[in-house]
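Just so it is clear, the model here is predicted, and its values are computed rather than measured. First the proteins, then the strands, lettered A, B, ... as listed; each starts at 1.
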Number of protein chains: 2
Amino acid sequence: MSMLGAMLEAKEPLSREQIARRMGENANKVTLYRTLHSLVEAGIVHTALIRNRVQLYEPSAHCSEHLCHPHFVCRGCHKTICLTEITPPTVDLPDGFRLERQQLQMEGLCSTCTMAEHETQSI
Amino acid sequence: MSMLGAMLEAKEPLSREQIARRMGENANKVTLYRTLHSLVEAGIVHTALIRNRVQLYEPSAHCSEHLCHPHFVCRGCHKTICLTEITPPTVDLPDGFRLERQQLQMEGLCSTCTMAEHETQSI
DNA sequence: AATTTTATGCAACTCAGTTGCATTTCCAAG
DNA sequence: CTTGGAAATGCAACTGAGTTGCATAAAATT
């Protein structure tokens with residue numbers, strides 16, 4: 001499994017370690033980071049903007065040139081949901097500003113965890 | 001200068017180190033982190049979602065309960081601009097999803113750097 | 001084949017943030 | 001006061017993601 005293949009297969013952004021595990025081969029972490037940097041520089045991959053102590057990568061294929069799909073991070077199950085179906089919102093920037101990349105991040109409860117919370121409350 | 005004072009005075013999110021410098025006093029970094037965690041837990045301060053190897057903090061006062069003001073990070077001058085005047089965009093989440101916090105991050109060129117780039121090209 | 005270029009690996013490093021534990025400061029009961 | 005226990009502060013040592021320098025291996029070029 002190639003590095004890009006691992007990322008395309010996943011439905012969420014992956015860390016360097018998760019990518020390595022999905023690839024199966026045990027390449028050196030330095031090599032992995034170097035390849036990731038090349039992919040990012042080439043614009044094939046980018047880093048997801050998510051509150052996390054480690055960098056998370058995802059293929060740029062799921063985003064338009066300037067507007068990345070929104071991410072929803074659930075506080076209950078800690079899953080990251082890529083909202084690729086949602087059209088990214090646009091805002092009016094001050095004069096002269098040139099937007100090159102935009103990411104929207106949301107935190108809260110996903111539908112499953114919202115339901116679970118309601119059940120707990122009603123007992 | 002208090003920790004919160006330092007953050008309110010700044011027009012951009014600050015790192016632990018920047019906060020310490022603005023406070024003047026030389027408190028231990030462990031103490032600073034502990035205080036920051038308390039402020040975050042109390043909802044008085046939150047971390048800005050910006051591509052950065054260090055955590056950046058800002059007062060929650062500049063945001064509404066669920067929607068944080070957008071940030072624009074300039075690739076030219078590396079300044080972070082808090083777009084507090086812009087109304088944060090809203091998106092329609094899938095059924096059952098409950099949004100608790102949202103942040104929009106933008107990267108590109110600020111007006112000053114866009115002008116500078118045009119001048120360079122025309123020479 | 002010889003030589004240059006490029007990719008890989010290892011070990012040691014950097015640096016933000018954390019943890020354990022000792023010390024100080026605060027504050028309330030005696 | 002002062003004493004005893006809780007909360008805040010500090011120090012040093014640790015953790016872990018990511019990086020750097022340098023040696024080695026694999027390609028590509030002549």
Side-chain angles (χ1 to χ4, degrees), chain A residues 1-8 10 12-60 68 71 73 75 78-80 82 101 103 105 107, chain B residues 1-8 10 12-60 68 71 73 75 78-80 82 101 103 105 107:
Chain A
M1 165 90 57
S2 77
M3 180 172 267
L4 201 55
M7 278 186 269
L8 283 164
E12 54 177 15
L14 300 178
S15 68
R16 188 265 311 165
E17 201 173 358
Q18 290 173 309
I19 292 168
R21 208 169 307 134
R22 278 162 176 264
M23 286 171 70
E25 313 144 36
N26 41 0
N28 186 271
K29 68 171 178 175
V30 180
T31 306
L32 291 168
Y33 279 123
R34 280 195 277 237
T35 311
L36 281 167
H37 290 171
S38 307
L39 290 171
V40 168
E41 207 173 338
I44 299 162
V45 160
H46 61 250
T47 55
L49 212 58
I50 291 176
R51 202 179 311 285
N52 198 315
R53 76 185 198 297
V54 305
Q55 203 77 268
L56 299 178
Y57 301 85
E58 65 182 357
S60 303
C68 190
H71 289 116
V73 179
R75 139 175 86 76
H78 301 106
K79 282 207 190 95
T80 297
C82 288
R101 283 207 46 227
Q103 281 194 51
Q105 205 245 11
E107 294 168 352
Chain B
M1 164 91 56
S2 78
M3 180 173 267
L4 201 55
M7 278 186 268
L8 283 164
E12 55 177 13
L14 300 179
S15 68
R16 188 267 310 166
E17 201 174 357
Q18 291 173 310
I19 292 168
R21 207 167 310 135
R22 277 161 178 264
M23 286 170 71
E25 313 143 37
N26 40 359
N28 186 272
K29 69 172 177 174
V30 179
T31 306
L32 290 168
Y33 279 122
R34 280 195 277 238
T35 311
L36 281 168
H37 291 172
S38 308
L39 290 171
V40 168
E41 207 172 339
I44 300 162
V45 159
H46 61 250
T47 54
L49 212 58
I50 291 176
R51 201 178 311 285
N52 199 315
R53 76 185 198 296
V54 304
Q55 202 76 268
L56 300 178
Y57 301 85
E58 64 183 358
S60 303
C68 189
H71 289 116
V73 179
R75 142 175 86 75
H78 301 107
K79 281 208 190 95
T80 297
C82 288
R101 283 206 45 227
Q103 281 195 50
Q105 204 246 10
E107 294 167 353

Using residues 44-53 of chain B as the side-chain source, report each donor-acceptor pair under 3.5 Å to any protein atom, sequence neighbours left out, with the distance given to one decimal.
residue: B:His46; atom: ND1; partner: B:Ser60; partner atom: OG; Å: 3.0
residue: B:His46; atom: NE2; partner: B:Glu58; partner atom: OE2; Å: 3.0
residue: B:Thr47; atom: OG1; partner: A:Arg51; partner atom: NH1; Å: 2.4
residue: B:Arg51; atom: NE; partner: B:Glu107; partner atom: OE2; Å: 2.7
residue: B:Arg51; atom: NH1; partner: A:Thr47; partner atom: O; Å: 3.2
residue: B:Arg51; atom: NH1; partner: A:Thr47; partner atom: OG1; Å: 2.3
residue: B:Arg51; atom: NH2; partner: B:Glu107; partner atom: OE2; Å: 3.1
residue: B:Asn52; atom: OD1; partner: B:Val54; partner atom: N; Å: 3.0

Distance check, rounded to the nearest 0.5 Å: B:Arg34 atom CZ versus B:Leu32 atom CG? 10.0 Å
Taking the nucleotide of DNA chain D with the closest heavy atom to each, which residue, A:Arg34 or B:Ala27, is nearer the 5' end? B:Ala27
Test log, rule side-chain contact (heavy atoms from CB on, under 4.5 Å), inputs A:Tyr57 and A:Leu39: CA-CA 10 Å; A:Tyr57 301 85; A:Leu39 290 171; over 6 Å; no
Under 4.0 Å from any heavy atom of chain B: name the first and the last nucleotide of DNA chain D that qualifies, 5' to 3'. D:dT9 to D:dA12
Distance from A:Gln103 atom CD to A:His71 atom NE2, nearest 0.5 Å? 6.0 Å
To the nearest 0.5 Å, tell me how far A:Arg16 CZ sits from A:Thr35 OG1. 12.0 Å
Decide yes or no on side-chain contact (heavy atoms from CB on, under 4.5 Å) for A:Gln55 and A:Ser15, but give the supporting numbers first. CA-CA 6 Å; A:Gln55 203 77 268; A:Ser15 68; over 6 Å; no
CD-OG1 distance between A:Gln105 and A:Thr80, expressed to the nearest 0.5 angstrom: 8.0 Å
Which atom names give the shortest non-hydrogen contact between A:Ala6 and A:Met1, and what distance separates them? N-SD, 3.4 Å
Restricting to nitrogen or oxygen on both sides, can you table the protein-nucleotides 13-17 of chain C pairs closer than 3.5 Å?
residue: C:dA16; atom: OP1; partner: B:Arg53; partner atom: NH2; Å: 3.3
residue: C:dG17; atom: OP1; partner: B:Gln55; partner atom: N; Å: 2.7
residue: C:dG17; atom: OP2; partner: B:Tyr33; partner atom: OH; Å: 2.4
residue: C:dG17; atom: O5'; partner: B:Tyr33; partner atom: OH; Å: 3.2
residue: C:dG17; atom: N7; partner: B:Lys29; partner atom: NZ; Å: 3.1
residue: C:dG17; atom: O6; partner: B:Lys29; partner atom: NZ; Å: 3.1

